Amino acid sequence: MANFRTNHSQKRGRGSGKAFFKSIFLVFIAFGILFLMYLFSKDHFFGSSTENIREEKYELPTSGKDADQRYFLPENGKGELVHHNYYSLSYVEKYEQAEWVAYELTKKSLQVPNVDRTDWFSEDPKVNSGSAAYYDYKGSGYSRGHLAPAGDMAFNDEAMAESFFMSNISPQKRSFNNGIWKELEELTRNWAYSNKRLFVVTGPVLNERFPSRIGKNKVAVPKEFYKVLLDLDDPEVKAIGFIIPNELSEKPIMDYALSVDKVEEITGLDFFSNMMTAQMQELTESTFSTSAWPVSADKFQQRVRKWNKQ
(Lines give C-alpha, C1' and ligand atoms only; values in the text may rest on other atoms or scores of the structure.)
Protein backbone atom coordinates (compact mmCIF):
# COMPACT_ATOMS: atom_id res chain seq x y z
CA MET A 1 0.00 0.00 0.00
CA ALA A 2 2.82 2.34 0.83
CA ASN A 3 4.58 1.76 -2.50
CA PHE A 4 1.33 2.11 -4.33
CA ARG A 5 0.67 5.36 -2.64
CA THR A 6 4.21 6.53 -3.36
CA ASN A 7 4.05 5.50 -6.99
CA HIS A 8 0.61 6.93 -7.35
CA SER A 9 1.66 10.24 -5.89
CA GLN A 10 4.76 10.36 -8.14
CA LYS A 11 2.66 9.72 -11.22
CA ARG A 12 0.29 12.45 -10.11
CA GLY A 13 3.21 14.85 -9.71
CA ARG A 14 4.50 14.28 -13.24
CA GLY A 15 0.97 14.44 -14.72
CA SER A 16 0.01 17.57 -12.81
CA GLY A 17 3.10 19.41 -14.10
CA LYS A 18 2.12 18.78 -17.70
CA ALA A 19 -1.48 19.65 -16.95
CA PHE A 20 -0.40 22.86 -15.26
CA PHE A 21 1.58 24.11 -18.26
CA LYS A 22 -1.20 22.96 -20.59
CA SER A 23 -3.72 24.90 -18.49
CA ILE A 24 -1.55 28.05 -18.58
CA PHE A 25 -1.23 27.73 -22.35
CA LEU A 26 -4.98 27.36 -22.77
CA VAL A 27 -5.61 30.34 -20.49
CA PHE A 28 -3.32 32.50 -22.64
CA ILE A 29 -5.10 31.35 -25.80
CA ALA A 30 -8.48 32.06 -24.24
CA PHE A 31 -7.43 35.55 -23.15
CA GLY A 32 -6.03 36.21 -26.62
CA ILE A 33 -9.26 35.14 -28.27
CA LEU A 34 -11.33 37.23 -25.87
CA PHE A 35 -9.13 40.27 -26.44
CA LEU A 36 -9.42 39.94 -30.22
CA MET A 37 -13.19 39.49 -29.91
CA TYR A 38 -13.36 42.63 -27.76
CA LEU A 39 -11.42 44.70 -30.27
CA PHE A 40 -13.37 43.35 -33.21
CA SER A 41 -16.76 43.79 -31.60
CA LYS A 42 -15.91 47.23 -30.23
CA ASP A 43 -14.83 48.65 -33.57
CA HIS A 44 -16.99 46.78 -36.01
CA PHE A 45 -20.18 45.74 -34.29
CA PHE A 46 -21.04 48.15 -31.52
CA GLY A 47 -19.51 51.24 -33.07
CA SER A 48 -19.00 52.65 -29.60
CA SER A 49 -15.75 54.47 -30.30
CA THR A 50 -16.01 58.02 -31.57
CA GLU A 51 -13.24 57.20 -34.04
CA ASN A 52 -15.45 54.53 -35.58
CA ILE A 53 -18.34 57.00 -35.80
CA ARG A 54 -16.05 59.45 -37.55
CA GLU A 55 -14.83 56.79 -40.02
CA GLU A 56 -18.35 55.79 -40.95
CA LYS A 57 -19.21 59.48 -41.46
CA TYR A 58 -22.29 60.17 -39.42
CA GLU A 59 -25.34 60.81 -41.56
CA LEU A 60 -28.75 62.07 -40.63
CA PRO A 61 -31.66 59.73 -41.39
CA THR A 62 -32.85 62.15 -44.06
CA SER A 63 -29.55 62.93 -45.73
CA GLY A 64 -28.14 62.17 -49.17
CA LYS A 65 -30.37 60.23 -51.54
CA ASP A 66 -33.25 60.37 -49.08
CA ALA A 67 -33.78 64.11 -49.62
CA ASP A 68 -37.23 63.44 -51.08
CA GLN A 69 -38.18 61.91 -47.73
CA ARG A 70 -37.61 65.13 -45.80
CA TYR A 71 -41.20 65.55 -44.72
CA PHE A 72 -40.28 68.40 -42.37
CA LEU A 73 -39.74 70.95 -45.15
CA PRO A 74 -42.04 74.01 -45.12
CA GLU A 75 -44.66 74.64 -47.77
CA ASN A 76 -45.85 77.85 -49.49
CA GLY A 77 -42.29 78.97 -50.15
CA LYS A 78 -41.47 81.35 -53.01
CA GLY A 79 -37.91 80.23 -53.70
CA GLU A 80 -35.89 77.57 -55.49
CA LEU A 81 -35.78 74.31 -53.53
CA VAL A 82 -32.20 73.16 -52.97
CA HIS A 83 -31.15 69.93 -51.23
CA HIS A 84 -27.74 69.54 -49.68
CA ASN A 85 -26.70 66.35 -47.93
CA TYR A 86 -27.42 67.68 -44.45
CA TYR A 87 -30.05 70.37 -44.91
CA SER A 88 -32.48 71.77 -47.47
CA LEU A 89 -33.31 75.39 -48.26
CA SER A 90 -35.54 77.62 -50.38
CA TYR A 91 -33.48 80.31 -52.11
CA VAL A 92 -35.21 83.54 -53.11
CA GLU A 93 -33.27 85.28 -55.86
CA LYS A 94 -35.12 88.55 -55.27
CA TYR A 95 -33.54 88.83 -51.82
CA GLU A 96 -30.33 86.82 -52.52
CA GLN A 97 -30.82 84.56 -49.52
CA ALA A 98 -32.85 81.62 -48.30
CA GLU A 99 -36.35 82.20 -46.96
CA TRP A 100 -35.91 79.02 -44.92
CA VAL A 101 -33.31 76.40 -44.09
CA ALA A 102 -34.55 73.09 -42.63
CA TYR A 103 -32.77 70.14 -41.08
CA GLU A 104 -32.95 67.47 -38.41
CA LEU A 105 -30.77 67.97 -35.33
CA THR A 106 -30.11 64.86 -33.25
CA LYS A 107 -28.44 63.95 -29.99
CA LYS A 108 -26.29 61.46 -31.90
CA SER A 109 -24.90 64.18 -34.17
CA LEU A 110 -24.10 66.34 -31.14
CA GLN A 111 -22.23 63.51 -29.41
CA VAL A 112 -19.70 63.19 -32.23
CA PRO A 113 -16.49 65.18 -31.56
CA ASN A 114 -16.58 68.43 -33.51
CA VAL A 115 -14.54 68.78 -36.67
CA ASP A 116 -12.59 71.98 -37.22
CA ARG A 117 -14.57 75.03 -38.27
CA THR A 118 -13.65 75.91 -41.85
CA ASP A 119 -14.68 79.60 -42.11
CA TRP A 120 -14.49 79.10 -45.90
CA PHE A 121 -17.51 80.87 -47.37
CA SER A 122 -18.33 79.87 -50.95
CA GLU A 123 -21.10 80.41 -53.46
CA ASP A 124 -23.67 77.62 -53.61
CA PRO A 125 -23.18 75.57 -56.81
CA LYS A 126 -26.71 74.16 -56.57
CA VAL A 127 -28.53 77.51 -56.75
CA ASN A 128 -29.44 77.84 -60.44
CA SER A 129 -29.74 81.62 -60.37
CA GLY A 130 -26.47 81.96 -58.48
CA SER A 131 -26.20 82.68 -54.78
CA ALA A 132 -24.87 85.76 -53.03
CA ALA A 133 -21.09 86.04 -52.88
CA TYR A 134 -18.59 86.45 -50.06
CA TYR A 135 -17.68 89.98 -51.16
CA ASP A 136 -21.29 91.17 -51.03
CA TYR A 137 -20.78 91.45 -47.28
CA LYS A 138 -17.28 92.93 -47.28
CA GLY A 139 -17.26 96.41 -45.76
CA SER A 140 -21.04 96.37 -45.30
CA GLY A 141 -20.99 96.43 -41.51
CA TYR A 142 -23.04 93.21 -41.40
CA SER A 143 -21.93 89.74 -40.31
CA ARG A 144 -22.28 86.70 -42.52
CA GLY A 145 -24.90 85.11 -40.29
CA HIS A 146 -25.53 81.37 -40.52
CA LEU A 147 -29.08 80.08 -40.74
CA ALA A 148 -28.10 76.43 -40.19
CA PRO A 149 -25.30 77.08 -37.65
CA ALA A 150 -21.83 75.66 -38.12
CA GLY A 151 -22.19 74.30 -34.57
CA ASP A 152 -25.14 72.15 -35.66
CA MET A 153 -23.14 70.84 -38.63
CA ALA A 154 -19.89 70.04 -36.82
CA PHE A 155 -20.27 66.25 -36.91
CA ASN A 156 -18.28 65.81 -40.14
CA ASP A 157 -16.25 67.84 -42.62
CA GLU A 158 -18.83 67.68 -45.41
CA ALA A 159 -21.64 69.01 -43.23
CA MET A 160 -19.35 71.75 -41.92
CA ALA A 161 -18.40 72.79 -45.47
CA GLU A 162 -22.07 72.85 -46.53
CA SER A 163 -22.91 75.22 -43.68
CA PHE A 164 -20.60 77.82 -45.27
CA PHE A 165 -22.44 78.00 -48.59
CA MET A 166 -23.55 81.59 -49.09
CA SER A 167 -27.12 80.35 -49.61
CA ASN A 168 -27.08 79.53 -45.88
CA ILE A 169 -25.96 83.05 -44.98
CA SER A 170 -27.98 86.18 -44.27
CA PRO A 171 -26.91 89.73 -43.24
CA GLN A 172 -26.99 90.07 -39.48
CA LYS A 173 -25.90 92.87 -37.21
CA ARG A 174 -22.83 91.82 -35.29
CA SER A 175 -24.50 92.45 -31.91
CA PHE A 176 -27.38 90.20 -32.98
CA ASN A 177 -25.25 87.42 -34.49
CA ASN A 178 -22.87 87.29 -31.52
CA GLY A 179 -25.59 87.90 -28.97
CA ILE A 180 -29.17 86.68 -28.81
CA TRP A 181 -28.97 84.65 -32.04
CA LYS A 182 -25.95 82.79 -30.66
CA GLU A 183 -27.83 82.14 -27.42
CA LEU A 184 -30.81 80.71 -29.31
CA GLU A 185 -28.52 78.47 -31.37
CA GLU A 186 -26.84 77.09 -28.26
CA LEU A 187 -30.18 76.55 -26.52
CA THR A 188 -31.43 74.70 -29.60
CA ARG A 189 -28.51 72.29 -29.35
CA ASN A 190 -29.23 71.78 -25.65
CA TRP A 191 -32.89 71.06 -26.40
CA ALA A 192 -32.01 68.66 -29.22
CA TYR A 193 -29.64 66.80 -26.90
CA SER A 194 -32.17 66.47 -24.07
CA ASN A 195 -35.05 65.55 -26.41
CA LYS A 196 -32.85 63.31 -28.64
CA ARG A 197 -34.12 64.91 -31.86
CA LEU A 198 -35.53 68.20 -33.13
CA PHE A 199 -36.75 69.36 -36.52
CA VAL A 200 -35.46 72.86 -37.12
CA VAL A 201 -36.56 75.51 -39.62
CA THR A 202 -34.97 78.94 -39.55
CA GLY A 203 -34.62 81.99 -41.74
CA PRO A 204 -35.13 85.73 -42.23
CA VAL A 205 -38.57 87.30 -42.33
CA LEU A 206 -38.88 88.27 -46.02
CA ASN A 207 -42.47 89.43 -46.35
CA GLU A 208 -41.68 93.13 -46.27
CA ARG A 209 -39.84 95.86 -48.14
CA PHE A 210 -36.19 96.23 -47.36
CA PRO A 211 -34.78 99.73 -46.93
CA SER A 212 -31.22 98.41 -46.96
CA ARG A 213 -29.33 96.16 -49.37
CA ILE A 214 -25.64 95.31 -49.55
CA GLY A 215 -23.08 94.27 -52.11
CA LYS A 216 -22.99 93.89 -55.86
CA ASN A 217 -25.82 91.36 -55.73
CA LYS A 218 -28.03 93.67 -53.64
CA VAL A 219 -28.54 91.30 -50.72
CA ALA A 220 -31.56 92.39 -48.68
CA VAL A 221 -30.97 93.08 -44.98
CA PRO A 222 -33.78 91.51 -42.91
CA LYS A 223 -35.27 93.30 -39.95
CA GLU A 224 -36.14 90.04 -38.17
CA PHE A 225 -35.19 86.37 -38.06
CA TYR A 226 -37.28 83.38 -37.03
CA LYS A 227 -36.71 79.84 -35.81
CA VAL A 228 -39.30 77.10 -35.29
CA LEU A 229 -38.63 73.82 -33.50
CA LEU A 230 -40.59 70.58 -33.37
CA ASP A 231 -40.10 67.69 -30.96
CA LEU A 232 -42.12 64.84 -32.44
CA ASP A 233 -41.04 62.09 -30.05
CA ASP A 234 -42.55 60.78 -26.84
CA PRO A 235 -43.19 61.49 -24.06
CA GLU A 236 -44.35 64.95 -25.18
CA VAL A 237 -44.89 66.21 -28.71
CA LYS A 238 -44.25 69.95 -28.62
CA ALA A 239 -43.27 72.92 -30.76
CA ILE A 240 -42.15 76.50 -30.30
CA GLY A 241 -41.27 79.47 -32.46
CA PHE A 242 -39.20 82.63 -32.14
CA ILE A 243 -39.09 85.90 -34.08
CA ILE A 244 -36.26 88.20 -33.04
CA PRO A 245 -35.33 91.67 -34.36
CA ASN A 246 -31.97 91.88 -36.14
CA GLU A 247 -30.42 94.07 -33.46
CA LEU A 248 -28.86 94.11 -30.02
CA SER A 249 -31.13 92.68 -27.33
CA GLU A 250 -30.88 92.55 -23.57
CA LYS A 251 -34.25 90.87 -23.14
CA PRO A 252 -34.65 87.22 -22.06
CA ILE A 253 -34.94 84.84 -25.00
CA MET A 254 -38.43 83.72 -24.03
CA ASP A 255 -39.71 87.28 -24.51
CA TYR A 256 -39.54 86.44 -28.21
CA ALA A 257 -41.22 83.03 -28.01
CA LEU A 258 -44.35 82.50 -30.12
CA SER A 259 -46.60 79.71 -31.27
CA VAL A 260 -45.67 78.12 -34.60
CA ASP A 261 -49.02 79.33 -35.94
CA LYS A 262 -47.98 82.91 -35.23
CA VAL A 263 -44.68 82.47 -37.06
CA GLU A 264 -46.62 81.02 -40.00
CA GLU A 265 -48.89 84.06 -40.01
CA ILE A 266 -45.93 86.44 -40.11
CA THR A 267 -43.76 84.55 -42.63
CA GLY A 268 -46.50 83.13 -44.87
CA LEU A 269 -44.91 79.67 -44.62
CA ASP A 270 -46.56 76.43 -43.53
CA PHE A 271 -44.42 74.40 -41.14
CA PHE A 272 -44.52 70.66 -40.47
CA SER A 273 -47.81 70.09 -42.29
CA ASN A 274 -46.64 66.76 -43.71
CA MET A 275 -45.53 65.36 -40.37
CA MET A 276 -48.74 65.37 -38.31
CA THR A 277 -52.45 64.89 -38.66
CA ALA A 278 -54.46 68.09 -38.94
CA GLN A 279 -55.72 67.62 -35.39
CA MET A 280 -52.23 67.08 -33.96
CA GLN A 281 -50.87 70.00 -35.96
CA GLU A 282 -53.58 72.29 -34.62
CA LEU A 283 -52.88 71.20 -31.05
CA THR A 284 -49.09 71.40 -31.36
CA GLU A 285 -48.71 74.61 -33.35
CA SER A 286 -51.40 76.79 -31.78
CA THR A 287 -49.88 76.83 -28.29
CA PHE A 288 -46.49 76.56 -26.63
CA SER A 289 -45.13 76.14 -23.13
CA THR A 290 -41.94 77.94 -22.15
CA SER A 291 -41.46 75.49 -19.28
CA ALA A 292 -41.07 72.67 -21.82
CA TRP A 293 -38.03 74.49 -23.25
CA PRO A 294 -35.75 75.24 -20.29
CA VAL A 295 -33.31 78.14 -20.62
CA SER A 296 -30.12 78.98 -18.78
CA ALA A 297 -29.97 82.05 -16.56
CA ASP A 298 -26.17 81.87 -16.71
CA LYS A 299 -26.19 81.89 -20.50
CA PHE A 300 -28.49 84.91 -20.51
CA GLN A 301 -26.12 86.78 -18.21
CA GLN A 302 -23.17 85.75 -20.35
CA ARG A 303 -24.92 87.16 -23.40
CA VAL A 304 -25.79 90.48 -21.75
CA ARG A 305 -22.43 90.99 -20.06
CA LYS A 306 -20.08 89.59 -22.71
CA TRP A 307 -21.49 88.46 -26.05
CA ASN A 308 -23.42 91.68 -26.70
CA LYS A 309 -20.21 93.65 -26.36
CA GLN A 310 -18.10 91.64 -28.79
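Because the structure is a prediction, the values reported are computed rather than measured.
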Fill in: Spacing of CZ belonging to R70 relative to CG belonging to L81, to within rounding of 0.5 Å
9.5 Å

Worksheet entry | For K227, all residues meeting salt bridge (Lys or Arg N to Asp or Glu O under 4.0 Å), sequence neighbours excluded | none

Discussion item. Can a donor-acceptor pair be found, under 3.5 Å and without considering hydrogens, that links the side chain of K126 to the backbone of H83?
Written reply: yes

Worksheet entry | Of all pairs that satisfy ring-ring contact (aromatic ring centres under 6.0 Å, His included), the ones with a partner from residues 255-281, not counting sequence neighbours | Y226-F271

Discussion item. Using modelled atom types and a 3.5 Å cut-off, is there a donor and acceptor pairing between side-chain atoms of E80 and backbone atoms of N128?
Written reply: yes

Practice prompt. Can you sort out the partners of E93 under side chain to side chain donor-acceptor pair (under 3.5 Å), two or more places apart, ordered by chain and number?
Written response: S129

Worksheet item: Between the main-chain N or O of K78 and the side-chain N or O of E99, is there a donor-acceptor pair closer than 3.5 Å?
Response: yes

Worksheet entry | Side chains of M153 and Y103 in contact at under 4.5 Å (non-hydrogen atoms) | yes

Worksheet entry | Ion pair check, K196 and D233, cut-off under 4.0 Å | no

Worksheet item: Within the distance-only criterion (no hydrogens, no angle test), does the side chain of E96 pair as donor or acceptor with the backbone N or O of A220 below 3.5 angstrom?
Response: no

Worksheet item: Hey, are Y86 and N156 close enough side-chain-wise for a donor-acceptor pair under 3.5 Å?
Response: yes

Worksheet entry | Rounded distance (nearest 0.5 Å) linking atom CZ of F225 with atom CG of L206 | 8.5 Å

Fill in: All side chain to side chain donor-acceptor pair (under 3.5 Å) counterparts of D261, not counting sequence neighbours
none

Worksheet entry | Pair N85, E158: side-chain N/O donor-acceptor within cut-off below 3.5 Å | yes

Discussion item. I'd like to know if the side chain of E162 pairs up with that of N168 as donor and acceptor (distance under 3.5 Å, no hydrogens or angles considered).
Written reply: no

Worksheet entry | Non-neighbouring partners of D119 that pass salt bridge (Lys or Arg N to Asp or Glu O under 4.0 Å), sequence neighbours left out | R117

Worksheet entry | Listed once per pair and sorted, the side-chain hydrogen bond (donor to acceptor under 3.5 Å, both in side chains) pairs that draw on residues 131-148, sequence neighbours left out | D136-N217

Practice prompt. Scan for ring-ring contact (aromatic ring centres under 6.0 Å, His included) pairs involving residues 290-310, sequence neighbours excluded, and state none if there are none.
Written response: W191-W293

Discussion item. side-chain contact (heavy atoms from CB on, under 4.5 Å) for N308 and S175? Distances and angles first, verdict last.
Written reply: CA-CA 5 Å; N308 282 351; S175 57; 5.6 Å; no

Discussion item. Looking at V115, is its backbone amide N or carbonyl O close enough to the side chain of D157 to form a donor-acceptor pair, meaning the two atoms are under 3.5 Å apart?
Written reply: no

Worksheet item: Would you say N274 and E75 make side-chain contact, with heavy atoms under 4.5 Å?
Response: yes

Practice prompt. Could you tell me whether the side chain of S273 and the main chain of D270 form a donor-acceptor pair under 3.5 Å?
Written response: no

Discussion item. Are there over 12 heavy-atom neighbours, none belonging to K238, within less than 6.0 Å of that residue's NZ?
Written reply: yes

Discussion item. Between E104 and R197 (salt bridge meaning N to carboxylate O under 4.0 Å), is one present in this structure?
Written reply: yes

Worksheet item: At what distance, to the nearest 0.5 angstrom, does CG of L283 lie from CE of M276?
Response: 9.5 Å

Discussion item. Just to verify, what does W100 make a ring-ring contact (aromatic ring centres under 6.0 Å, His included) with, not counting sequence neighbours?
Written reply: none

Worksheet item: With K299, which residues qualify under side chain to side chain donor-acceptor pair (under 3.5 Å), at least two apart?
Response: E186

Worksheet item: Y193 and side chain to side chain contact (heavy atoms under 4.5 Å, CB included): which partner among L105, L110, T188, L198?
Response: L110

Worksheet item: Between S90 and G79, is there a donor-acceptor pair closer than 3.5 Å when you use the side chain of the first and the backbone of the second?
Response: yes

Practice prompt. List the steps and the verdict of ring pair (Phe, Tyr, Trp, His ring centres under 6.0 Å) for W181 and F176.
Written response: CA-CA 6 Å; W181 194 244; F176 171 81; 5.3 Å; yes

Fill in: Residues which pass salt bridge (Lys or Arg N to Asp or Glu O under 4.0 Å) with E285, listed by chain and number, not counting sequence neighbours
none

Worksheet entry | Any donor-acceptor pair under 3.5 Å from Y87 side chain to A148 backbone | no

Item to complete: Keeping the roles fixed (side chain from R303, backbone from S249), state whether a donor-acceptor pair exists under 3.5 Å.
Response: yes

Item to complete: Of all the heavy-atom pairs spanning L73 and A102, show the shortest one and how long it is.
Response: CD2-CB, 3.7 Å

Fill in: Under the salt bridge (Lys or Arg N to Asp or Glu O under 4.0 Å) test, residues paired with E265 that sit two or more places apart
K262

Worksheet item: Does one side chain, of K309 or N178, offer a donor that lies under 3.5 Å from an acceptor on the other?
Response: no

Worksheet item: Taking only residues two or more places apart in sequence or in another chain, which ones pass side chain to side chain donor-acceptor pair (under 3.5 Å) with Q172?
Response: none

Practice prompt. Count the heavy atoms belonging to other residues, nucleotides or ligands that lie under 6.0 Å from CD of Q301, then report whether that count exceeds 12.
Written response: yes

Worksheet item: With side chains defined as the heavy atoms from C-beta onward, is the minimum distance between I266 and V205 less than 4.5 Å?
Response: yes

Fill in: Point-to-point distance, once rounded to the nearest 0.5 Å, from CD1 of I180 to CG of L187
9.5 Å

